[in-house]
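Just so it is clear: chains get the letters A, B, ... in the order the sequence lines come, proteins before strands, and each one is counted from 1. Since this is a predicted model, take the numbers as computed values, not measurements.
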Amino acid sequence: MSQARIPAPVLALAAAGLLFFLLPLAGLIVRAPWGQVGPALVAPETATALGLSLFCSVTATAVALVLGIPLAVVLSRTQGTLRSVLRALTTLPMVLPPVVGGVALFLAFGRRGLVGEPLHQAFGIQIPFTTAAAVIAETFVAMPFLVIAVEGGLRSMDHRYEEAARALGAGSWRVFARVTLPLLRPAIFSGAVLCWARALGEFGATITFAGNLPGRTQTIPLAVYVALETRPEGAIALSLILLAVSLAILIGMRDRWLGSP
Amino acid sequence: MSQARIPAPVLALAAAGLLFFLLPLAGLIVRAPWGQVGPALVAPETATALGLSLFCSVTATAVALVLGIPLAVVLSRTQGTLRSVLRALTTLPMVLPPVVGGVALFLAFGRRGLVGEPLHQAFGIQIPFTTAAAVIAETFVAMPFLVIAVEGGLRSMDHRYEEAARALGAGSWRVFARVTLPLLRPAIFSGAVLCWARALGEFGATITFAGNLPGRTQTIPLAVYVALETRPEGAIALSLILLAVSLAILIGMRDRWLGSP
Amino acid sequence: MAWLAVSLHATIRVQRNGFALDVDLEVGAGETVAVLGPNGSGKTTLLRALAGLIRIEGRVELDGEVLDDSAAGRHVLTEDRRVGLVFQDHVLFPHMTVLDNVAFGLRRDRIRIASEWLARAGLSDKAGAMPRELSGGQAQRVALLRTLATEPRLLLLDEPLSALDVTIRAEVRRELARQLSGFQGVRILVTHDPLEAIALADMLVVLEQGKIVQTGSPAEVTARPRSRFVADLAGVNLLRGRGRGRQVELDSGAMLTAAEAGEGDVFAVIHPRAVALYLARPEGTPRNVWRGRAEDLDLQGERVRVRLSGTVPLVAEVTPSAVRELQLDAGAEVWVAVKATEISVYRA
Amino acid sequence: MAWLAVSLHATIRVQRNGFALDVDLEVGAGETVAVLGPNGSGKTTLLRALAGLIRIEGRVELDGEVLDDSAAGRHVLTEDRRVGLVFQDHVLFPHMTVLDNVAFGLRRDRIRIASEWLARAGLSDKAGAMPRELSGGQAQRVALLRTLATEPRLLLLDEPLSALDVTIRAEVRRELARQLSGFQGVRILVTHDPLEAIALADMLVVLEQGKIVQTGSPAEVTARPRSRFVADLAGVNLLRGRGRGRQVELDSGAMLTAAEAGEGDVFAVIHPRAVALYLARPEGTPRNVWRGRAEDLDLQGERVRVRLSGTVPLVAEVTPSAVRELQLDAGAEVWVAVKATEISVYRA
Amino acid sequence: GGGVGGGPPSNITVFAAASLQPAFDKIAARVKSQYYLATTFNYAGTQTLTTQLIQGAQADVFASADTAHMTTVQNGGLVGGTTSVFAHNKLEIAVERGNPKRIHSLADLARSGLVVVLADPSVPAGKYAQEALANAHVTVHPASLEPQVTGVLSKVALGEADAGIVYVSDIVTSGKVDGIAIPDAENVIADYSIARLNSAWNRAGADEFFAYVLSSQGQAILSGAGFETV
Ligand SMILES: Nc1ncnc2c1ncn2[C@@H]1O[C@H](COP(=O)(O)OP(=O)(O)OP(=O)(O)O)[C@@H](O)[C@H]1O
Ligand SMILES: Nc1ncnc2c1ncn2[C@@H]1O[C@H](COP(=O)(O)OP(=O)(O)OP(=O)(O)O)[C@@H](O)[C@H]1O
Ligand SMILES: [Mg+2]
Ligand SMILES: [Mg+2]
């Protein structure tokens, strides 16, 4: 293919943009306390925090898929003002400072929260300070990315496939499961990747709502924050490990999964 | 239109998803220290911080547009492994815990940083602790959202428009400015909204790299953080003001701007 | 309106900003109706309304069952209507094999029945293929099978052949004709192609701007076009005027002599073959003789169509040898003659 | 190969997984070439290669200027070629007015020149309209103007009429013919429609699977088809066999008697009109008489096409009255006769 | 620096631990009216401030919540004068208003069913809390180890945690929780340290601020905010 040349100023700006991303990462790598990476890597706490990070971010992504895809479907059917309002409401967790997000989660799911209080009094269930709380915090912050990506996919989807399925006698569930979902796969996947990445880096809401307990709620970003207090070098080493793992996962994902719908 | 019914379980999950977003927001509103909202609203620091927040987030979005659209154009032209690698690199700032992102920005643009040091020695320019630093921190964290949205738009664009323009004798710059950019408008706009929302809520990288200087780098999320230390009610009141402003802006945006390309 | 013992009764009104569809339709069991009309005349809208994909004002009754009745608030969902819908460009599910596509609408014994349909159509070897691996013609045939396999009571075909190659189209049209002949329900076929309509339909319905402007058997409709669109379809010249005995006064003022004309507003149809061209004024029987100018010539197979301007703008169809003899060229001045007996006049 | 004093010389090879285009083309100044071929035969690929939108192996020379020469590593960018490209579905810039679309390719006096082009085409009143407000035919005419306004040396048209309504198509075809007649460069027109090709082109090029299988004037090509595709286009029966004096031995084993047959591999063409059908074995001149079975009947205007199976599978074209007399029906057994003089035989 | 009745009021930048905000804001107001010296604060966690200073941040005064970070900054050659401890802070048990869980001593924190939140041992408050618990021979299973004292405080204030160990000054500032005193025998004292920095642009102003914090007026303000004076 001989595609249109990219104009030189555009190329230059793109290079500047890439550099803007790469320089800080390069800084981390160049100034990295490489001596600390080895010990950090073998430290049992690292493995625990990394495992917990992956577990929580993957679970949060799964929850976001289960709740977010239906929400996107409903959003994509709305019109006009209702649509703007719903869409703005789903975007708000992105704007809310994460620490306040954590406070908001307390107010909803905490021991004194709107839902948490009856839950606590009826069943003695306490959500804060558990791994579940970490998952909830990450889901709250990261789900908007999934919802927005899937909704975009739905809007640009060819709805005649669904119509054809209905004309063939498929009920609403069958249309959704056998036609809509498979056709949405690329949008779902790219939304899930964004959501997962955001969940993996989540800090503020998690530390507020789930607290910081190694092995239970201390994900890598929390461990990094704590380590910054006493051994900044170790914190950077830990961040590099997180980056390397994410980079490997992101690159390992098949290109075709990431394609536009 | 009589569109396919949404299956009941999907509706139920969507309601659960919406509730999941709305409950914490409702918690904030129900438990809000309404008595404090008034004073917070009229406090001169609030206006300063809000103005700074809007200024920084809008500037960061502008920078992200200038650097991110070209980057997305280049990304959309790459194939195979290179594409995966570049795409993963652009996604990394999402994964990096923001505080570490701030440290990375020091390592790149700080007085001792890769670029900052020569800059400081040659021209005496210092980036950290300036409003520019706040803009840089927000751009670093928020730009990936724009890049990924625009790249998606580019991939699903009909490239025959560009081919038609070339066949009409338009050089690469004219094709880009008069055809590609206008056709990309919806994707650019929706990416810019995501980017702006993320920049508006940015905290970790900003406080680390730009510091917490009222009137210079203290955006609302930073003011909220400081207020949480001493008067948590004020902090929540401040967050509510931020939420209300963002909600108004998000709803005010025309629906058609947000449509998929 | 009394409901007769026929299979589909529909009174459909759809209002959209700037467009209104307003159609009454009655079709007998086992009949094929071809719906023709210019772009944007509402053909697709009509099919979508019958399929239940859009809400209508009015009433649709199929085989005694009321599918839509806006007065009674009744609306049967598309999936419960047992209608079959075939789109212009197949719309096969891209993520399923051909076999799974055909099996999609079946309830039980799905794979066996779908395989049988494929086998009957000679497409067994494509059962495991994905839609993108099929040629356009094969894909459209599979789409047809997929719909027929569900044994719909009402079959709706929206330009099923128009996306196909001319060379494949004849083949798929043959197959369609064969399949339709074995199908018992009501069939409604939207098409742009008059040949397709005439080959496949028992009745034509011509839509323009959301209204039915003409309906009848293919022979009736093409013999007595009532609009420019139908005249173009039938390839004839359509003139409009006022009848005065055996004369027709055209809107342009020119007079036409026909075998019979009647009184009042009339249409006059002249087949292009009946339009004769001469270099000199012809003497003899033709009553209608004017001067004209050949605007352009269009070779169509073994005939040349000549578009004439002048007193009465017409299209003439002549042989290539006539073109040579007359030394016809765009811009040439000629005499135009039409025999009175070749002009068919009927009430507007 | 010696380069003659004609305007376009192209030797184009494009390799894609599973598909290879390999074409040599020479076109004189002011000539129109129609490229025909089944779906996927590489017609669009050829135009894109000429436009410089894909890199090729080989050489393209236009009016003495080398646009592509893979051996010398030369590749002139599309925007510097002065080629015009018109797509099947107009591809007007949706965010610009009609006037801005037409002015897009102009260098100076853009608005004035664009307005003139629109005025000449009678589209001045649409100058301020956005493309979505145009009908399909108008949009395609604007797309054509937009390209012609840049005065390209090479005009590439990729099925410019196929997205249009049958009724508008004739009108746009006329306009296209008029515009093309005023255009001095080389024109290459991809089409599916044999009528269009014959009406507009000086030379036909038939592509199949990336290779040119036949080339020549419309009359030559349709008179002597060399492939099933061309025979279908021309609407004739094509048979293949070995010539033995006046006999042709078909691949199926049947023998055909022609006026002249020659020796070696040959094609035999029989026009459907020359195929006569009888209920009883005909006595008399026809040398070629077989039994056959009417597989299906296809009404085409005032003729009926009958597809026959049997010793020699053929298509016959008869009048509707003949169908009634013979009581022809799908499945009817008939006698098939073809006069030896109606069979044209030529070397394969 | 700006003298009384002198030229235009001058300005200093103070990097201060976030817990000092209530006291330092008052001090700044006084300094401004008495010396025409405007103060710009950069309040953040001591650790963040340390990172920023090491990365070359310009500031006139640094007020740290412990001596360890001050030592780090000093070892980096960034301190331009003497360092001085200007306040102490004692630990207290923070409980919900009205003390519904009836917690009266460190030993009560070991009760099962209580949600106790501590600061992480990597921050001074956490380290001191551990020392205090060790002094009292109590083993606590915390629900969370907060990297910031605020985290402990806000969780108790919101009622999500039953108790936490924080500084007295935090309880005074917060006003949302009750404090249960820890006997001196078990308690640990934190030292707050202040210094003028090498990078100071306004040395005179920095020294004025430094002196005011250690003056009796300054100490009175700190005392009012819950700190123990030196
Ligand atoms: N989704 C839609 N929303 C609004 N208007 C529409 C929509 N689809 C079609 N229309 C309008 O409704 C009218 C009828 O359109 P319809 O598609 O039924 O025409 P059609 O006869 O099928 O045309 P074609 O021959 O182009 O397929 C047109 O004016 C069209 O612009
Ligand atoms: N972008 C592409 N990438 C890979 N293969 C392609 C691409 N476009 C076309 N092809 C393949 O190249 C071959 C030639 O395609 P081309 O579009 O040139 O055919 P065409 O003759 O124009 O067909 P049509 O009549 O359908 O327009 C086909 O086998 C097609 O599948
Ligand atoms: Mg339609
Ligand atoms: Mg093509």
Side-chain angles (χ1 to χ4, degrees), chain A residues 4-7 10 13-14 16-18 20-21 23-24 27-28 31 66-68 70-71 73-74 83-85 88-92 94-97 100 104-105 107-108 113-115 152 155-156 162 166 172-173 175-176 197-198 200-201 203-204 221 224-225 239 243 246-247 250-251 255 260, chain B residues 4-7 10 13-14 16-18 20-21 23-24 27-28 31 66-68 70-71 73-74 83-85 88-92 94-97 99-100 104-105 107-108 113-115 152 155-156 162 166 172-173 175-176 197-198 200-201 203-204 221 224 239 243 246-247 250-251 255 260:
Chain A
R5 299 261 160 109
I6 302 176
V10 173
L13 286 171
L18 197 60
F20 180 64
F21 279 142
L23 270 178
L28 276 185
R31 300 280 165 92
V66 170
L67 299 179
L71 188 52
V73 169
V74 170
R83 179 187 173 192
S84 305
V85 171
L89 283 176
T90 4
T91 316
L92 280 190
M94 296 179 62
V95 179
L96 202 63
V100 178
L105 285 171
L107 298 178
L114 295 178
V115 179
R155 289 201 186 264
S156 61
E162 292 170 336
R166 294 180 67 198
S172 57
W173 176 253
V175 172
F176 179 74
R198 180 71 185 87
L200 197 60
F203 167 73
V224 166
Y225 190 84
S239 307
L243 283 190
S246 339
L247 199 61
L250 289 171
I251 293 179
D255 196 54
S260 347
Chain B
R5 299 261 159 109
I6 301 177
V10 174
L13 287 171
L18 197 61
F20 181 63
F21 279 141
L23 270 178
L28 275 185
R31 302 279 166 91
V66 171
L67 299 180
L71 188 52
V73 169
V74 170
R83 180 187 173 193
S84 305
V85 171
L89 283 176
T90 3
T91 315
L92 280 189
M94 295 179 61
V95 179
L96 202 63
V99 177
V100 178
L105 286 171
L107 298 178
L114 295 178
V115 179
R155 287 200 187 265
S156 61
E162 292 170 335
R166 295 181 66 198
S172 57
W173 176 254
V175 172
F176 179 73
R198 180 70 185 89
L200 197 60
F203 166 71
V224 166
S239 306
L243 281 190
S246 339
L247 199 62
L250 288 172
I251 293 179
D255 196 55
S260 347

**Q** Listed by chain and number, what are the side chain to side chain contact (heavy atoms under 4.5 Å, CB included) partners of B/L18, not counting sequence neighbours?
**A** A/L71, A/L86, B/L22

**Q** Top residue by heavy-atom pair count (under 4.5 Å) with chain B, among A/V115, A/V73, A/L67, A/V66?
**A** A/L67

**Q** With sequence neighbours left out, write down each residue that passes side chain to side chain contact (heavy atoms under 4.5 Å, CB included) with B/P70, or none if nothing qualifies.
**A** A/V10, A/L13, A/A14

**Q** Which bit of A/F21 is near chain B, if near means a heavy-atom gap under 4.5 Å: side chain, backbone, both or neither?
**A** both

**Q** With a 4.5 Å cut-off on heavy-atom pairs, point out which of B/L200, B/V99, B/L105, B/L92 contacts chain A the most.
**A** B/L92

**Q** Nearest 0.5 Å please: distance from the CG atom of A/L89 over to the CD1 atom of B/I251.
**A** 6.5 Å

**Q** Less than 4.5 Å to any heavy atom of chain A: does that hold for the side chain of B/F20, its backbone, both, or neither?
**A** both

**Q** Under a 4.5 Å cut-off applied to non-hydrogen side-chain atoms, are A/L28 and B/V100 in contact?
**A** yes

**Q** I need the residue from B/G27, B/P24, B/A108, B/G204 with the largest number of non-hydrogen atom pairs under 4.5 Å to chain A.
**A** B/P24

**Q** Please flag which part of A/Y225 lies under 4.5 Å from any non-hydrogen atom of chain B: side chain, backbone, both or neither.
**A** side chain

**Q** So for A/R31, is it side chain, backbone, both, or neither that comes closer than 4.5 Å to the heavy atoms of chain B?
**A** side chain

**Q** With only heavy atoms counted, which part of A/V224 is less than 4.5 Å from chain B, the side chain, the backbone, both or neither?
**A** side chain

**Q** Would you name the heavy atoms of A/R198 and B/R198 that are closest together and state the gap between them?
**A** NE-NE, 3.8 Å

**Q** Would you mind checking which part of A/V85 comes under 4.5 Å of any heavy atom in chain B, side chain (CB onward), backbone (N, CA, C, O), both or neither?
**A** both

**Q** Which one wins on heavy-atom pair count under 4.5 Å against chain A: B/A16, B/S246, B/G113?
**A** B/S246

